[in-house]
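This report concerns only the one structure given below.
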Amino acid sequence: MSKIVVGLLECRCRVWGSTSLKDKRRAVKSGLSRVRGRLGLSAAEVGEQDDRQWAQVAVTAVSNTRVLVEKELKAALHLLEEVEGLEIIDAEITYL
């Protein structure tokens, strides 16, 4: 049986300039869409959905090597960092 490595990137983000939940969702959805579209990873907003300035997002990657999982999750973090108005306050990668 092949080795399976599952990686989880958890980010806590601040949404600058957000005056409503609609503004926040626009920034968060932009980041999640980039991660899904460019890297083909699973990504979702997983916390602080009712706060207009804070968001928690999670991204997962699966592969047979830890190096590849880490590379993809770091690429996802980089994409999230590029979203205008979205500041990554804290990010952590864990392996399951």
Side-chain angles (χ1 to χ4, degrees):
M1 183 178 284
S2 299
K3 181 179 176 185
I4 299 171
V5 179
V6 179
L8 172 66
L9 168 66
E10 295 176 90
C11 298
R12 185 162 192 252
C13 314
R14 183 165 187 158
V15 184
W16 291 102
S18 172
T19 58
S20 67
L21 289 174
K22 194 173 184 178
D23 288 342
K24 171 195 164 181
R25 289 189 183 112
R26 187 177 307 121
V28 172
K29 277 189 166 190
S30 173
L32 297 176
S33 293
R34 288 181 192 189
V35 169
R36 292 179 190 134
R38 294 185 191 176
L39 300 171
L41 301 177
S42 295
E45 182 179 4
V46 295
E48 304 198 44
Q49 280 103 342
D50 294 332
D51 190 310
R52 65 179 172 81
Q53 292 187 326
W54 292 95
Q56 280 185 286
V57 297
V59 179
T60 59
V62 178
S63 181
N64 61 347
T65 68
R66 185 178 171 139
V67 172
L68 185 57
V69 168
E70 184 175 0
K71 180 181 173 184
E72 290 194 349
L73 292 177
K74 284 185 176 180
L77 179 59
H78 182 68
L79 286 175
L80 291 171
E81 289 171 338
E82 290 180 340
V83 174
E84 185 175 331
L86 194 66
E87 179 184 9
I88 307 299
I89 302 297
D90 188 31
E92 182 178 8
I93 295 175
T94 54
Y95 300 93
L96 308 176

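- Residues Leu41 and Val5 share a hydrophobic cluster, clusters being chains of Ile/Leu/Val/Met/Phe/Trp/Tyr side chains in contact below 4.5 Å.
- Residue pairs satisfying the salt bridge (charged side-chain N to carboxylate O under 4.0 Å, His left out) criterion with at least one member in residues 2-23, sequence neighbours excluded, are listed as follows: Arg12-Glu48, Asp23-Arg26.
- The side-chain heavy atoms of Leu80 and Cys11, taken from C-beta on, include a pair separated by under 4.5 Å.
- Listed by first and then second residue, the salt bridge (charged side-chain N to carboxylate O under 4.0 Å, His left out) pairs involving residues 54-75 are Glu70-Lys74 (not counting sequence neighbours).
- Considering all non-hydrogen atoms of both residues, Ala27 and Val15 come closest at CB-CG1, 4.0 Å.
- Heavy atoms of other residues, nucleotides or ligands lying less than 6.0 angstrom from CG of Leu96 number more than 12.
- Applying the salt bridge (charged side-chain N to carboxylate O under 4.0 Å, His left out) definition to pairs two or more places apart or across chains, those involving residues 32-45 are Lys24-Glu45.
- Ile93 contributes atom CD1, which lies 7.0 Å from atom CG of Leu77 (distance to the nearest 0.5 angstrom).
- Connection of Trp54 to Leu86 is not established within any shared hydrophobic cluster, with ILVMFWY side chains joined at heavy-atom distances below 4.5 Å, either directly or through further cluster members.
- Residue pairs meeting the salt bridge (charged side-chain N to carboxylate O under 4.0 Å, His left out) criterion with at least one member in residues 81-96: none, sequence neighbours excluded.
- Taking all atoms of both residues into account, the shortest heavy-atom contact from Ser63 to Leu68 is OG-CD2, 3.2 Å.
- Considering CG of Leu73 and NE2 of His78, their distance stands at 14.5 Å, rounded to 0.5 Å.
- Partners of Arg52 according to the salt bridge (charged side-chain N to carboxylate O under 4.0 Å, His left out) rule, which considers only residues two or more places apart in sequence or in another chain, do not exist here.
- By the 4.5 Å heavy-atom criterion applied to side chains, Val28 and Cys13 are not counted as neighbours.
- With sequence neighbours left out, the salt bridge (charged side-chain N to carboxylate O under 4.0 Å, His left out) criterion links Asp51 to no other residue.
- Nearest heavy-atom pair, Ala76 versus Val59, reported as atom, atom and distance to 0.1 Å: CB-CG1, 4.1 Å.
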